[in-house]
Asks: 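Pasting in a structure now, in structure tokens, and then I'll have a few things to ask.
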Amino acid sequence: MTETTDGYNLRLYVAGQTPKSMAAMTNLKKICEAHLPGRYTITVIDLMKDPALAQRDQIVAIPTLIRHLPEPLKRIIGDLSNVEKVLVGLDIAPA
Amino acid sequence: MSASDNDTSISSFEAEETVRAIYQGAVDAVVVHGRNGPQIVTLSGADEPYRVLVDRMSDGALTMSGDGTLLYVNSRFAEMVSRPLDQLIGASFTSLFEAGCAVDGSQAGGSRRECQLLRAGQAALPVSVWAGPIALGDQPATLVTVTDLSVHRRAEQIAAAERFARSILEQATEAIVVLDRSGSITHASDAAEHLLGASPIGQRFTAAFKLEASDPDHAGLLDRSSTSLDSMLATKPFHGIEVRLRGRDVAAGRTFLLSAGPLFDEAKTAVGSIVTLTDITARKRAEEQQTMLVAELNHRVKNILAIVQSVAAQTLRNAGSLDTFNERFAGRLRALALAHDILTKTRWGGVELTQLLTEIAAPYRERVELQGPPLLLPSQAVVPLSMVLHELMTNAAKYGALSAAGKVLLGWERVEGEAGAMVRMLWQESGGPTVAPRKKTGFGTMLIERVVSYDLDGRATLDFAPEGLTCTLQFGIGAGKMAPDAPPVSDRALG
């Protein structure tokens with residue numbers, strides 16, 4: 001994932017290869033490429049490998065996307081298949 | 001939908017959203033907080049890819065509880081033990097192996113050992129077993145993988161057999177090459193490489209080996225187009241064509257036996273052929289030498305028979321009685337036999353004159369004095385000279401010096417004549433009874449003169465002086481004096 005300093009810093013929490021985790025990863029990538037080209041960073045965190053990381057962002061359900069930056073922190077739960085809901089949730093104006 | 005503040009704690013709105021997402025099936029895993037901290041509980045499908053992977057992997061895999069009860073086995077493991085899956089779940093791990101297979105699954109990182117896996121209705125299978133710890137919830141358990149070693153062992157055996165076959169080929173003393181179906185060389189023995197001075201692998205047989213038939217009858221076989229010869233060698237068995245190799249010094253003058261036989265794979269399909277070039281040069285030479293020796297022996301036997309026949313006829317003609325014939329004929333045969341013994345000892349090479357005369361004069365060794373330099377007598381002169389000296393010796397024993405207390409001086413010297421080297425030999429009797437003048441020439445005298453004249457191409461002079469017989473012989477010993485094929489003691493001389 002490319003790193004940008006003043007763009008969107010996103011964290012996607014997944015659990016191994018569950019179907020919705022896989023779908024969330026694919027959908028997020030598409031949305032970012034379409035609406036935030038060159039302005040986003042995605043960090044994928046697999047809680048199967050280290051469940052303790054769930055505590056940092058108070059994750060209770062998977063998949064969960066956290067917008068870390070820009071502030072304020074925002075949270076979207078699900079496979080991110082509803083593009084409109086994701087754009088609203090992340091405060092991104094439709095392109 | 002709004003975020004409350006920078007706090008990461010979940011707002012009531014977010015909690016509602018989470019419950020709604022779970023309720024609507026938008027999530028497939030949740031985080032629960034157990035005794036050991038957060039744990040992930042998947043609601044569906046998370047382990048499916050792993051399950052498929054494990055089930056289809058080529059090694060056996062299983063999990064067992066702390067007491068060694070099987071909790072899960074993959075299809076491959078069931079196949080390895082030739083038992084249905086449902087019979088294995090709940091079975092005891094140790095019951096599946098000969099002698100139990102005491103692998104320690106408690107060490108972090110696991111441990112491995114070789115065991116014999118029991119199989120329904122078949123011999124035990126050698127396997128490598130790896131075991132390592134895993135926690136199933138709060139319960140300790142063991143993960144096990146089982147690798148079939150028979151495949152590895154078989155591969156090792158095949159590799160060893162391949163190395164062995166290759167070493168046989170490489171170390172064979174004969175030139176051996178393996179051809180594929182198209183006639184190209186795929187393997188070659190060291191001897192073949194040595195013969196060619198380079199590796200022929202990859203070349204067509206006829207390009208690497210420039211052959212010509214050593215037997216003109218087989219020339220047609222090798223003169224056909226190189227393509228069809230390659231194809232014939234690669235596909236048809238044949239044996240025993242004698243060939244020579246052109247253009248290689250190392251093979252100059254050598255004869256090889258060309259043979260080819262089909263090469264079959266495990267399915268008995270011909271995949272090419274093995275072509276052998278056996279160096280038969282030494283054998284050919286031995287055969288030629290033997291043929292020559294047999295011809296020579298035949299020639300000599302015929303000569304001897306002619307001599308014997310002639311000696312018998314002449315002895316009979318001049319003998320007054322059967323007893324006289326018997327005595328003289330036996331004596332002459334002995335002389336002939338002695339000469340042949342000496343020739344055999346020297347393998348029909350030249351004979352040292354002193355050695356020959358010592359043997360001939362052996363019965364009178366005290367009374368025959370030999371005087372002369374070392375001199376090599378050609379083999380053709382041995383029989384005639386022996387016959388001549390036998391006649392002189394017999395005569396001396398009957399009538400001359402050896403019949404009384406007399407002596408014989410047998411001397412010789414080498415002289416250079418017009419036609420090359422000659423030997424001049426003197427037989428001089430003394431101390432015997434007074435010699436009476438000869439009224440007629442006896443057979444012995446005649447034989448001496450004729451043998452020396454015809455067979456030794458020389459001259460004999462006999463002087464019957466009253467004080468003792470003197471005989472002078474002079475004949476050539478140089479090359480060309482006697483034709484090699486001229487029979488010794490010919491019919492002409494005796495007839």
Side-chain angles (χ1 to χ4, degrees), chain A residues 8-28 44-92, chain B residues 1-57 63 72 108 132-139 141 143:
Chain A
Y8 281 74
N9 189 338
L10 308 172
R11 290 181 189 158
L12 179 65
Y13 287 85
V14 298
Q17 297 177 53
T18 60
K20 293 196 192 303
S21 296
M22 298 290 101
M25 265 192 261
T26 310
N27 292 331
L28 177 61
V44 177
I45 297 153
D46 185 357
L47 292 180
M48 279 291 193
K49 287 181 183 163
D50 190 356
L53 293 178
Q55 288 174 312
R56 182 170 57 177
D57 285 324
Q58 297 285 308
I59 304 300
V60 292
I62 296 166
T64 295
L65 175 66
I66 300 288
R67 188 186 79 174
H68 198 63
L69 286 173
E71 291 180 337
L73 186 142
K74 283 180 173 287
R75 181 185 305 264
I76 304 171
I77 299 168
D79 65 6
L80 314 181
S81 55
N82 185 336
V83 179
E84 285 301 316
K85 189 180 163 193
V86 174
L87 292 177
V88 171
L90 293 180
D91 281 346
I92 300 170
Chain B
M1 197 186 300
S2 65
S4 56
D5 49 29
N6 283 344
D7 188 0
T8 58
S9 61
I10 300 176
S11 65
S12 59
F13 173 75
E14 284 174 333
E16 277 173 30
E17 276 290 291
T18 301
V19 171
R20 197 159 56 86
I22 294 171
Y23 182 73
Q24 290 177 345
V27 302
D28 52 13
V30 292
V31 180
V32 298
H33 292 268
R35 263 187 311 190
N36 301 321
Q39 285 181 3
I40 308 304
V41 177
T42 59
L43 304 177
S44 72
D47 58 351
E48 190 58 23
Y50 305 112
R51 185 182 294 278
V52 173
L53 270 179
V54 171
D55 208 51
R56 299 208 177 154
M57 65 195 245
T63 52
Y72 164 82
I134 185 176
L136 292 179
D138 293 341
Q139 298 298 314
L143 268 182

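Naming: A, B, ... by sequence-line order, numbering from 1 per chain.
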Asks: Closest heavy-atom contact between A:Pro63 and B:Ala26?
Replies: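 Heavy atoms only, the tightest pair is CD-O, 4.1 Å.
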Asks: Between A:Ser21 and chain B, which part of the residue has a heavy atom less than 4.5 Å away: side chain, backbone, both or neither?
Replies: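 Backbone plus side chain of A:Ser21, per the 4.5 Å heavy-atom cut-off to chain B.
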Asks: By side chain to side chain donor-acceptor pair (under 3.5 Å), which residues pair with B:His33, not counting sequence neighbours?
Replies: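 None.
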Asks: Report the distance from atom CZ of A:Arg75 to atom OG1 of B:Thr18, rounding to the nearest 0.5 Å.
Replies: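 Result: 6.5 Å between the selected atoms.
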Asks: For A:Met48 and B:Thr42, run side-chain contact (heavy atoms from CB on, under 4.5 Å): C-alpha distance rounded to whole Å, both residues' side-chain angles, the deciding distance at 0.1 Å, then the answer.
Replies: CA-CA 9 Å; A:Met48 279 291 193; B:Thr42 59; 2.9 Å; yes
Asks: Below 4.5 Å, heavy-atom pairs only: which of A:Ser81, A:Ala52, A:Ala54, A:Ala61 has the largest tally toward chain B?
Replies: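 Sorted descending by pairs with chain B, the first entry is A:Ala61.
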Asks: Would you give the length of the straight line joining atom CD1 of B:Ile22 to atom CD1 of A:Ile77, rounded to the nearest 0.5 angstrom?
Replies: 7.0 Å
Asks: Output all residues satisfying side-chain contact (heavy atoms from CB on, under 4.5 Å) with A:Met22, sequence neighbours left out; order by chain, then residue number.
Replies: A:Gln17, A:Met25
